[in-house]
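In what follows, chains carry the letters A, B, and so on, assigned in the order in which the sequence lines appear, proteins first and then strands, with residues in each chain numbered from 1. The model shown is predicted, which means the values in this text are computed figures rather than measured ones.
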Number of protein chains: 2
Amino acid sequence: MKLTTKGRYGLRAVIDLAMYAKTEPVSLSDVAERQNISISYLEQLIAKLKKAGIVQSTRGAQGGYSLAKEPEEVSVGEILRVLEGSLSPVDCSAVDGEGETECSASNFCVTKYVWKRINDSINDTVNNMFLSELLEESEKVKSDAIKVEPGC
Amino acid sequence: MKLTTKGRYGLRAVIDLAMYAKTEPVSLSDVAERQNISISYLEQLIAKLKKAGIVQSTRGAQGGYSLAKEPEEVSVGEILRVLEGSLSPVDCSAVDGEGETECSASNFCVTKYVWKRINDSINDTVNNMFLSELLEESEKVKSDAIKVEPGC
DNA sequence: ATTAAATCGCAGTAAATTACTAGGAAATAA
DNA sequence: TTATTTCCTAGTAATTTACTGCGATTTAAT
């Protein structure tokens with residue numbers, strides 16, 4: 001039940017763009033340095049975000065990336081799903097929403113009920129958190145930032 | 001963000017015990033056959049559940065396992081945490097509740113806010129689902145059980 | 001007393017996934 | 001023309017997952 005570095009780093013990169021690419025695009029090397037993430041790894045993550053229409057790029061020197069939408073239009077769920085795939089705790093079409101398959105033993109189906117409830121609660125949370133909210137939140141905590149936690 | 005087979009199989013095993021070990025303990029080979037899980041793998045999972053006080057065992061022939069508590073006293077969260085470790089989407093003490101560390105860059109801390117909200121919503125859900133509820137639910141759906149989904 | 005059925009415990013291992021790195025092509029501002 | 005940047009694909013070491021195997025111990029039934 002862990003997010004990978006794709007989701008963790010990718011979300012940080014998007015937040016970084018939201019904060020620093022307001023007027024001009026910022027280069028990945030800037031983001032990479034600020035966020036302490038390798039450039040070539042970031043390139044792979046940002047490629048997915050671009051393909052999904054979350055960020056946009058301008059090529060060539062002095063180019064870089066910026067958000068493709070307003071911060072209030074980009075949900076955390078959208079970002080994480082692009083980077084991690086489905087956030088469902090199991091790969092089961094009946095849980096993810098596609099298809100209406102049932103399982104063979106009765107308690108298989110009961111677990112499906114469990115997975116669906118977990119899935120729904122995760123989605124409710126991430127689909128209703130928008131970048132704009134995170135930017136506001138970052139204003140609040142900016143002052144008392146002290147120590148890096150490895151997992152964050 | 002996926003549960004492993006430990007959590008998936010283990011929960012199924014506990015539900016199986018709740019359904020079939022009401023008067024006498026049931027052997028792991030019975031559980032394994034009903035749930036289509038290898039015995040030796042199940043042994044490892046059940047060992048954790050026993051250590052955590054969720055199931056109890058009687059050794060020797062005609063022995064087996066049964067629940068150590070009433071179904072209304074065992075939450076899905078308890079079971080999954082024993083098998084999977086923390087359900088937090090990141091390993092960050094500030095998210096898991098231990099310690100009050102802050103992160104170095106301001107947007108590191110914003111992601112912490114995100115992880116905490118996801119963590120809370122998962123925990124709210126699983127800590128408030130009890131085995132008793134699942135048993136009731138399994139009565140409902142028992143009749144129209146048809147097909148096995150690989151991920152379930 | 002012996003046997004068969006079970007739990008218990010630990011070690012090993014193939015396959016998959018993760019978290020990167022490497023190298024180079026193409027575009028563009030200066 | 002050159003430096004800076006995005007873009008694209010492939011490879012790979014380390015870790016994790018999902019098991020299997022073996023053997024010891026306990027105990028009910030014969």
Side-chain angles (χ1 to χ4, degrees), chain A residues 1-13 17 20-21 24-33 35-52 54-68 80 83-86 89-91 150-152, chain B residues 1-13 17 20-21 24-33 35-52 54-68 80 83-86 89-91 150-152:
Chain A
M1 274 301 266
K2 293 280 172 278
L3 286 171
T4 67
T5 53
K6 288 177 199 149
R8 301 208 317 266
Y9 295 0
L11 178 59
R12 268 162 56 196
L17 292 183
Y20 295 102
E24 294 161 337
V26 306
S27 70
L28 275 196
S29 52
D30 284 357
V31 177
E33 195 178 11
Q35 300 298 326
N36 236 288
I37 302 170
S38 101
I39 300 179
S40 43
Y41 194 41
L42 251 191
E43 281 176 347
Q44 294 171 33
L45 308 183
I46 207 96
K48 291 187 179 191
L49 293 165
K50 194 197 169 187
K51 203 174 162 194
I54 294 170
V55 304
Q56 61 195 358
S57 65
T58 57
R59 301 189 65 172
Q62 264 58 47
Y65 294 90
S66 59
L67 289 187
L80 292 181
L83 296 162
E84 297 272 342
S86 163
V90 299
D91 282 328
C152 288
Chain B
M1 274 300 266
K2 293 280 172 276
L3 287 171
T4 67
T5 54
K6 288 177 199 151
R8 300 209 316 267
Y9 295 0
L11 177 59
R12 267 162 57 194
L17 293 182
Y20 295 102
E24 295 162 333
V26 306
S27 69
L28 275 197
S29 51
D30 284 357
V31 176
E33 195 177 9
Q35 300 297 327
N36 237 288
I37 303 170
S38 103
I39 300 179
S40 43
Y41 194 42
L42 251 190
E43 282 176 346
Q44 294 172 34
L45 309 182
I46 208 96
K48 291 186 179 190
L49 293 165
K50 193 195 169 188
K51 203 175 162 193
I54 294 171
V55 304
Q56 60 194 1
S57 66
T58 58
R59 301 188 66 172
Q62 263 59 45
Y65 294 89
S66 59
L67 288 187
L80 292 181
L83 296 162
E84 298 273 341
S86 164
V90 301
D91 282 328
C152 288

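- In this structure, A:L49 places its CG atom 12 Å from P of D:dC7, rounding to the nearest Å.
- Inter-residue side-chain proximity for B:V31 and B:Y20 is flagged as unmet; no heavy-atom pair is nearer than 4.5 Å.
- Rounded to whole angstrom, the span from the CD atom of B:E24 across to the C1' atom of D:dA28 amounts to 13 Å.
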>> Output one letter per nucleotide in nucleotides 11-17 of chain D: B when a protein non-hydrogen atom lies under 4.0 Å from the base, S when only the sugar-phosphate is that close, - when neither is.
In response: ------S
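- Within the 4.5 Å cutoff, no side-chain heavy atoms of B:K6 are placed close to those of B:Q44.
- Side-chain contact between A:P89 and A:M1: present, with at least one pair of heavy atoms (C-beta onward) separated by less than 4.5 Å.
- When rounded to the nearest whole Å, the span between CD1 of B:I46 and C1' of D:dA18 equals 17 Å.
- A pairwise comparison of heavy atoms in B:P25 and B:S66 identifies CA-CB, 4.4 Å as the closest pair.
- No donor-acceptor pair under 3.5 Å is formed between the side chain of B:S57 and the backbone N or O of B:R59.
- A:L3 places its CG atom 17 Å from the P atom of C:dT17, with the value rounded to the nearest Å.
- For B:K48 and C:dC10, the NZ to P distance is 14 Å, given to the nearest whole Å.
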> What string of B, S and - do you get for nucleotides 2-7 of chain C, 5' to 3', when a contact is any protein heavy atom under 4.0 Å?
Replying inline: ---BSB
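- With rounding to the nearest 0.5 angstrom, the OH atom of A:Y9 is 8.5 Å from the CG atom of A:N36.
- Among the protein residues, B:S38 comes within range of the sugar-phosphate backbone only, with heavy atoms under 4.0 Å from sugar or phosphate atoms but none that close to a base.
- Taking atom CD of A:E84 as the reference point, atom C1' of C:dA19 lies 12 Å away to the nearest angstrom.
- Under 4.0 angstrom from either OP1 or OP2 of D:dA18 there lies no side-chain N or O belonging to B:Y9.
- Between A:K2 and B:V90 the shortest side-chain heavy-atom distance does not fall below 4.5 Å.
- Between the CD1 atom of A:I37 and the C1' atom of C:dA19 there is a distance of 12 Å, given to the nearest Å.
- Remark: A:Q35 CD to A:D30 CG distance equals 11.0 Å, nearest 0.5 Å.
- With contacts defined as side-chain heavy-atom distances shorter than 4.5 Å, the pair B:T4/B:L83 does not qualify.
- Summarising the geometry, the separation between CG on B:D91 and C1' on C:dT18 is reported as 15 Å, rounded to the nearest angstrom.
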